[in-house]
Protein chains: 2
Amino acid sequence: MAQERRNNGGVTVFDVAEHAGVSIATVSRALSGTRSMSEGLRTRVQDSARTLGYQVNLVGRALRQKKTSTLGLIIPDLENPFFSSLAQRISRRFGESEVDVLIASADNDKAQEKRAVQSFLGRQVDALVMIPTDEVESEEALLLASEYVPTIQFDRQVPHLPIPYIGCDNAAGMDLVGAYLETSVDTSSQPVILVGGGESSSSGRERSSEFLTAQSPVLHLEGSFSFSWGQKAAKQILKRGFQTATIVTGADVIALGVISWLTSAGHKIPDDFRVIGFDDVGVAQLSHPTLTTVRQPVEEMTEAIKTLMQEATGSPAPTSQRFAPELIVRASG
Amino acid sequence: MAQERRNNGGVTVFDVAEHAGVSIATVSRALSGTRSMSEGLRTRVQDSARTLGYQVNLVGRALRQKKTSTLGLIIPDLENPFFSSLAQRISRRFGESEVDVLIASADNDKAQEKRAVQSFLGRQVDALVMIPTDEVESEEALLLASEYVPTIQFDRQVPHLPIPYIGCDNAAGMDLVGAYLETSVDTSSQPVILVGGGESSSSGRERSSEFLTAQSPVLHLEGSFSFSWGQKAAKQILKRGFQTATIVTGADVIALGVISWLTSAGHKIPDDFRVIGFDDVGVAQLSHPTLTTVRQPVEEMTEAIKTLMQEATGSPAPTSQRFAPELIVRASG
DNA sequence: TTGTAGGCGTTATCAT
DNA sequence: ATGATAACGCCTACAA
């Protein structure tokens, strides 16, 4: 007969077992469907569970199984639409499998980021996907994470770390922009200006430095990945007397900030100023004018996480992957 | 002496106990600092833990303590900047305490939302904060959640449910808009149009219906809380021949979509069309023109979650709270 | 096919 | 002040 055990709060397998007149082992098997058993018994157990309002305690299961079917995702800044969109899409993709995605925001802060790592590690997540906040300062958190659990750097990376990285080929993306400028833009009448997202993340650094190897912008400004930086940069550009230019930016949010400032100052886009973004966030095709940009192949990149995750069990040394971006020519440039 | 027990994977209290030459009870006490003990011993244990790379297993702790120091947060749509910003701010606020905030996206889908609830319940979160996806369809998920754990509806609510709600006074917000129109806008030359966010959420419904009780817009359109709906609505407005109007919207994202469409069609704001938003998202003060809008007191609302959470233990019937919004007059209207 | 029993890692109770 | 031990809820050999 069912072993006796009384508990205070919630309904447990013991309660269900008692109610259905079976052992707890049978309850477990009936509910997880992990083993064959007589159909009548199974439905009886399931009925008991439903009647009692039984909800499996994943904490108990995790402790026993030493796995949680959970993926931890750490985002540097949820206010950045590219990142929050990424979070949504990763979440959606893994929801198709039986994996729960838990999201934590690092809030652009090294300490918060480390704390999020420790929280996820303590919760025994099966894997960790992290967009590092800073190219240097995130190293400690990444190393800590990778010591305990399969870890992937996504979109940005801390270089020279033995931790797999999945991102887009930023250099190739900027080459596409360069080639486009050479073939389709009169850069003598509309001189090139580069507005980067800053050197503190790999994506920002890679994009800017690659562009600089092939092109020679008449002006080069570096800031951060934000709308307000784009506005500030545009202000500086006007202050320096530019009446026309081709403005290449390190991200769509920056480009949108640039456009916002220039149009409100009465300038025409793309007639006076051309503006080119990077990422292809959702609003890029809705803004006015629509944004010419480099699209990151987010679907493929997300799929790669899944693949890498499955290989992670017992694979020798998972390697990094870079995916080829694509130039989307719209109205702004 | 320390009891013997070997484990496969990680470092446990037993390993630390052995290394420090104490019992596991002492290890637990030394690390959690929950009880007084000789200072020398405590540091010795802490040193051992550090040396061995011990990381507390929160799953084990949760099982024993029957609490997780975790707050579950379910967001309908991370692509909506108001929601992702909310997630960031709630996360930040609770990070100050020792509470971890875990975020899940419902992706505007009833099934995903319910799944998120079950996941959080199974993980034994101490409390759940939920922005319901739909005013009707979210009822089941909410009731399920509240049956097991203190639950709060935030920003939106399913009416007539015995589940506390924290939000802003949407009706009062729209009254502010109405009063502003009456005192400061010539609505005879710029007739009023209402562009709502749809009737499927309480916030959308409350805002539109309140506005309609006091004002009589010449046109009333309902859609969803998105940038693209704002554009579509603007398109319809122009199609109907309006050359000028005061457009009151149900949310900033909608207002921004409206502005984007109108300006690209060559109209001036606020000279031709005035546009008023609701929420006061971050970009509202950065857009061009800057957005006149109703600010939700997000800080206070977030604080209220914390307070309600603390009362939740043993309180009789936690009540709903609505916070007074504020009209922010900027350039667009 | 079904039941018994042990253990996952931690903390709290009870001795000492 | 410290140590031994039971218990949290679950799953899974192993036994029947």
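Values in this document were obtained by computation on a predicted structure and should not be read as measured data. A note on names: the letters A, B, ... follow the listed sequences, proteins ahead of strands, and every chain is numbered from 1.
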State whether [X] and [Y] are salt-bridged, where the test is any N-O pair (Lys NZ or Arg NE/NH1/NH2 against Asp/Glu carboxylate O) under 4.0 Å.
X	Y	value
A/Asp47	A/Arg50	yes
B/Lys114	B/Glu140	yes
A/Asp107	B/Arg92	yes

Please enumerate all protein N or O atoms sitting under 3.5 Å from an N or O of nucleotides 12-16 of chain C, with distances to 0.1 Å.
| from | atom 1 | to | atom 2 | distance (Å) |
| --- | --- | --- | --- | --- |
| C/dA12 | O4' | B/Arg64 | NH1 | 3.4 |
| C/dA12 | O4' | B/Arg64 | NH2 | 2.8 |

Between [atom2] of [N] and [atom1] of [X], the distance in whole Å:
X	N	atom1	atom2	result
A/Phe14	C/dA5	CZ	C1'	10 Å
B/Leu52	C/dG9	CG	C1'	16 Å
A/Lys67	D/dC10	NZ	P	17 Å
A/Gln55	D/dC10	CD	P	11 Å
A/Asn57	D/dC8	CG	C1'	9 Å

Is there a donor-acceptor contact under 3.5 Å linking the side chains of A/Glu113 and A/Thr133?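 The answer is yes; a qualifying pair exists.
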Check whether the side chains of A/Ser105 and A/Gln112 place a donor and an acceptor atom closer than 3.5 Å, and report yes or no.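 Not at all, the side chains of A/Ser105 and A/Gln112 share no donor-acceptor pair under 3.5 Å.
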OP1 or OP2 of C/dT1 less than 4.0 angstrom from a side-chain nitrogen or oxygen of A/Thr26, does that happen here?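 Indeed not, no polar side-chain atom of A/Thr26 lies that close.
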Nearest of [options] to any side-chain atom of [X]?
X	options	value
A/Met37	D/dC11, C/dG9, C/dT2	C/dT2
B/Lys66	D/dG9, C/dC8, C/dG3	D/dG9
A/Arg61	C/dG3, D/dC10, D/dA4	D/dC10
B/Thr12	D/dG3, C/dT2, C/dG9	C/dG9
A/Leu63	D/dT2, C/dT10, C/dG9	C/dG9

Contact check, side chains of B/Gln118 and A/Gln55, non-hydrogen atoms, under 4.5 Å: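 Yes, their side chains come closer than 4.5 Å.
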Hey, are the side chains of A/Pro81 and B/Pro81 touching, using non-hydrogen atoms and a 4.5 Å cut-off?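 No, every pair of side-chain atoms sits at 4.5 Å or beyond.
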Base, sugar-phosphate alone, or nothing: which one does A/Leu58 contact when heavy atoms must sit under 4.0 Å apart?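 Nothing: the residue A/Leu58, judged by heavy atoms under 4.0 Å, touches no strand.
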Using a 4.0 Å heavy-atom cut-off, does A/Val59 contact any base of the nucleic acid, only the sugar-phosphate backbone, or nothing at all?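 Result for A/Val59 = nothing.
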